[in-house]
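Here the structure comes first, spelled out in structure tokens, and everything after it is commentary.
Positions are given from 1 along the sequence. This one's a predicted model, so the numbers in the text were calculated from it and none came from an experiment. Counting convention: from 1, in listed order, for ligands and their atoms alike.
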Amino acid sequence: MRVWSHADHPFPLPDGHRYPLSKYRLLRDRIIADGTVRAADVLAPQPISWDALLSVHDGAFLDRVRAGTLGRRETRVLGLPWSPQLVERARRGTQGTLHAARDALDGQRVGLMLGGGTHHAGRASARGYCLFNDLAVVTSVLRAEARAQRVLVVDCDVHQGDGTAELLGPDGGDRDAYTLSVQCERNYPARRIPSDLDIELPAGTAGPEYLRALADGLAVATRAFGTPDLVLYLAGADAWEGDGLGRLALTMDALRERDELVLDHCLALGAPVVVTLAGGYPPDVHDGVRINHQTVLAVRHRADHAAALPPPRPAS
Ligand SMILES: [Zn+2]
């Protein structure tokens, strides 16, 4: 199995900033050290082309991102200080999700980007640590290549996928995308943009209720949308009980069960799955590494048994 990592392309952050920049390198090093993935199979994506970004994002917005002329309010909403390195990393991250999606379509059946899931970025706005929306960009590129047309987003980051809903959700009229977002109801972002299916969970919701709601949501999505050409799964670590921003109460075991539930549901349908890590803000970054490591193991196990999975359907 090969995976994608932009860990060697950090960006400047002020001391004490909540964004877990060090986690991506720690995770990459750990999965190599313990043999989960061979070093040669952890690949660094190049920056995605501006043309690919332009197929989803507003041109004037991209010009400001590129030139470093985002307004003060835009930068505050993004939550990260602008730098050329930040832009390059976001481009590499988006390309990484695209490569991982191709891995899933090309026979690995499950692809993995050790990052990505930047679901708050909208057409003309960077929000909540998300500069570009990798999920929408990947969808756009794969459609242009006729590799995949109908996509299902399963967003299990604890925050609502407002940018993804803006770009792929029902209000935009994209009938070939279905967005399912499972989140804590009293959490960022304050202004929701409706997904095809939003599951709003009360603060303090624990694993059993969460997993029941998620299973129900997957069943509803499948009844409504059938088998997609590709599933984009956001395995957010921030639904963990110890997360600094999450407000839900899932144990690490429950998060592992969540990953297995989503992967097994989608793979049983015959749909390839690309996995992104999305958010996670535990006070100790090593807890974030532990949660993401579980996700890598779940992906590894399924990629190893890809030959035994139901065959994927040709792209619709
Ligand atoms: Zn989040």
Side-chain angles (χ1 to χ4, degrees), residues 6 13 17-24 27 76-80 86 89-90 93-94 97 113-122 125-136 153-169 179-195 197-207 210 213-214 217 232-252 254-256 258-259 262 274-285 287-292 294-295:
H6 56 9
L13 262 188
H17 194 287
R18 206 188 277 269
Y19 185 83
L21 187 58
S22 62
K23 181 183 77 170
Y24 300 91
L27 174 65
R76 196 179 64 237
V77 172
L78 168 59
L80 298 171
L86 174 70
R89 179 185 172 95
T94 306
T97 305
M113 169 61 194
L114 299 174
T118 44
H119 60 162
H120 296 307
S125 55
R127 289 191 287 253
Y129 305 161
C130 302
L131 202 50
F132 311 124
N133 192 302
D134 59 332
L135 312 149
V153 178
V154 180
D155 186 340
C156 290
D157 186 280
V158 82
H159 304 102
Q160 199 242 356
D162 53 344
T164 309
E166 178 192 336
L167 292 162
L168 297 174
T179 53
L180 163 59
S181 189
V182 185
Q183 58 260 353
C184 177
E185 65 182 354
R186 288 200 189 279
N187 211 326
Y188 179 93
R191 190 176 75 92
R192 306 293 210 227
I193 297 174
S195 310
L197 178 58
D198 281 299
I199 299 177
E200 300 280 0
L201 298 170
T205 297
Y210 183 103
L214 174 59
L232 299 141
Y233 172 44
L234 289 79
D238 46 13
W240 181 51
E241 58 190 346
D243 192 83
L245 296 177
R247 310 187 70 192
L248 293 186
L250 277 71
T251 61
M252 291 205 189
L255 287 168
R256 183 179 44 74
R258 176 199 66 174
D259 291 344
V262 173
V274 56
V275 180
T276 60
L277 299 182
Y281 311 94
D284 180 349
V285 70
D287 286 322
V289 173
R290 239 174 255 139
I291 294 165
N292 291 157
Q294 295 190 140
T295 302

Open item on the list: Strictly by salt bridge (Lys or Arg N to Asp or Glu O under 4.0 Å), give each pair with a member in residues 153-165 just once, sequence neighbours left out.
Closed with: Arg127-Asp162
- [ ] Anything protein N/O/S under 2.8 Å from the Zn ion (ligand 1)? Just list residue and atom, please.
- [x] Asp157 OD1, Asp157 OD2, His159 ND1, Asp238 OD2
TODO: Decide side-chain contact (heavy atoms from CB on, under 4.5 Å) for His119 and Thr179; before the verdict, give the C-alpha distance in whole Å, the side-chain angles of both, and the deciding distance to 0.1 Å.
DONE: CA-CA 11 Å; His119 60 162; Thr179 53; over 6 Å; no
Open item on the list: Minimum heavy-atom separation for Ala237 and Asn292, please, with both atom names.
Closed with: CB-ND2, 4.0 Å
TODO: Please say which of Leu250, Leu248, Asp238 ends up in a side-chain contact (heavy atoms from CB on, under 4.5 Å) with Asp243.
DONE: Asp238
TODO: Looking only at non-hydrogen atoms, find the nearest pair between Gly207 and Ala254 and report the distance.
DONE: CA-CB, 3.9 Å
Open item on the list: For a quick test of reading the model, state the closest non-hydrogen atom pair linking Ala239 to Leu255 and the distance between them.
Closed with: CB-CD2, 4.1 Å
